[in-house]
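Presented below is the structure to which this report refers.
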Amino acid sequence: MSHHLFLLSPSDTPLYSLTHYSAKASQVVPSPLSANLPSWSTSAFAGTLTALSGATSVVQASSQGGGVRMGGGQDPHVIQMIANASLDVIEEVVRRDNGMYLKSVDRFNEWTVSAFITPGNMKFVLLHETKNDEGIRAFFTEVWELYVKTMVNPFHTAHRVIVSTVFDGRVRASAKKYL
């Protein structure tokens with residue numbers, strides 16, 4: 001089971017991203033669309049189509065004789081597309097609700113999108129496969145505290161990419177603890 005975290009500036013510029021693979025078992029629900037896709041296709045588009053459909057995976061033969069795994073909704077460009085597509089929904093929910101933690105705001109195949117909006121309009125977007133509202137809330141709160149500590153650091157410029165290894169390590173530890 002994996003979780004994908006994105007921290008976005010008020011202008012929706014990505015400042016930090018994390019992919020966390022949890023050791024906890026998850027239940028994979030196959031997509032009905034994925035059943036209609038051929039697994040024997042050799043086109044480059046087949047992997048993207050499979051990933052978007054939520055199929056488990058496609059192995060394409062390469063000219064070197066090995067196979068290349070594609071799909072499973074785990075491709076980085078598909079994950080980014082899902083996160084970016086959810087930004088409009090997040091904006092609508094923010095206009096309607098006053099809370100910081102927005103719970104599940106969007107869903108795409110097996111991915112659920114949860115969001116957290118700071119008072120400074122920073123967006124924390126998390127893609128996840130299972131429901132864990134209290135764990136996600138605690139994770140977002142801890143990441144927000146870490147973000148605030150990073151912003152008050154005089155050596156960090158606001159709304160710039162976060163490259164701190166300390167920040168990264170603490171976010172990873174929080175993900176391991178709560179997700």
Applied to residues 134-157, the salt bridge (Lys or Arg N to Asp or Glu O under 4.0 Å) test, sequence neighbours excluded, yields none

Residues passing the side chain to side chain donor-acceptor pair (under 3.5 Å) test with Ser114, sequence neighbours excluded, are His128

Item checked: Any side-chain heavy-atom pair of Val143 and Leu7 under 4.5 Å -> yes

Across all chains, not counting sequence neighbours, the side chain to side chain donor-acceptor pair (under 3.5 Å) partners of Thr112 are Arg107

Rounded to the nearest 0.5 Å, the CZ atom of Phe139 sits from the CZ atom of Phe124 at a distance of 9.5 Å

Is there a donor-acceptor pair closer than 3.5 Å between any side-chain N or O of Asp75 and the backbone N or O of Val78? no

* Asked: Do Phe6 and Gln80 have side chains that get closer than 4.5 Å, going by heavy atoms?
  -> yes

inquiry  = With heavy-atom distances below 4.5 Å as the criterion, would you say the side chains of Tyr16 and Leu5 are in contact?
reply    = yes

Contacts of Pro119 meeting side chain to side chain contact (heavy atoms under 4.5 Å, CB included) (sequence neighbours excluded), chain-then-number -> Met100, Trp144

Listing, residues 153-164 side-chain donor-acceptor contacts under 3.5 Å, not counting sequence neighbours, or none:
| from | atom 1 | to | atom 2 | distance (Å) |
| --- | --- | --- | --- | --- |
| Asn153 | OD1 | Phe155 | N | 2.8 |
| Ser164 | OG | Val166 | N | 3.3 |
| Ser164 | OG | Phe167 | N | 3.1 |

So side-chain hydrogen bond (donor to acceptor under 3.5 Å, both in side chains) across residues 87-105, not counting sequence neighbours, yields Glu91-Lys123

Here the salt bridge (Lys or Arg N to Asp or Glu O under 4.0 Å) pairs for residues 161-173, sequence neighbours left out, are Asp168-Arg172

dist Leu179:CG -> Thr130:OG1 (nearest 0.5 Å) comes out at 8.5 Å

Taken in chain and number order and not counting sequence neighbours, the residues that satisfy side chain to side chain donor-acceptor pair (under 3.5 Å) with Ser11 are Ser9, Thr13

- Query: Are side-chain heavy atoms of Ser86 and Val125 found at a separation under 4.5 Å?
  - Reply: yes

Residues passing the side chain to side chain contact (heavy atoms under 4.5 Å, CB included) test with Ser2, sequence neighbours excluded, are His4, Tyr21, Gln74, Trp111, Glu129

With sequence neighbours left out, the residues meeting side chain to side chain donor-acceptor pair (under 3.5 Å) with Asn84 are none

Connected to Val152, directly or through other members, by ILVMFWY side-chain contacts below 4.5 Å are none

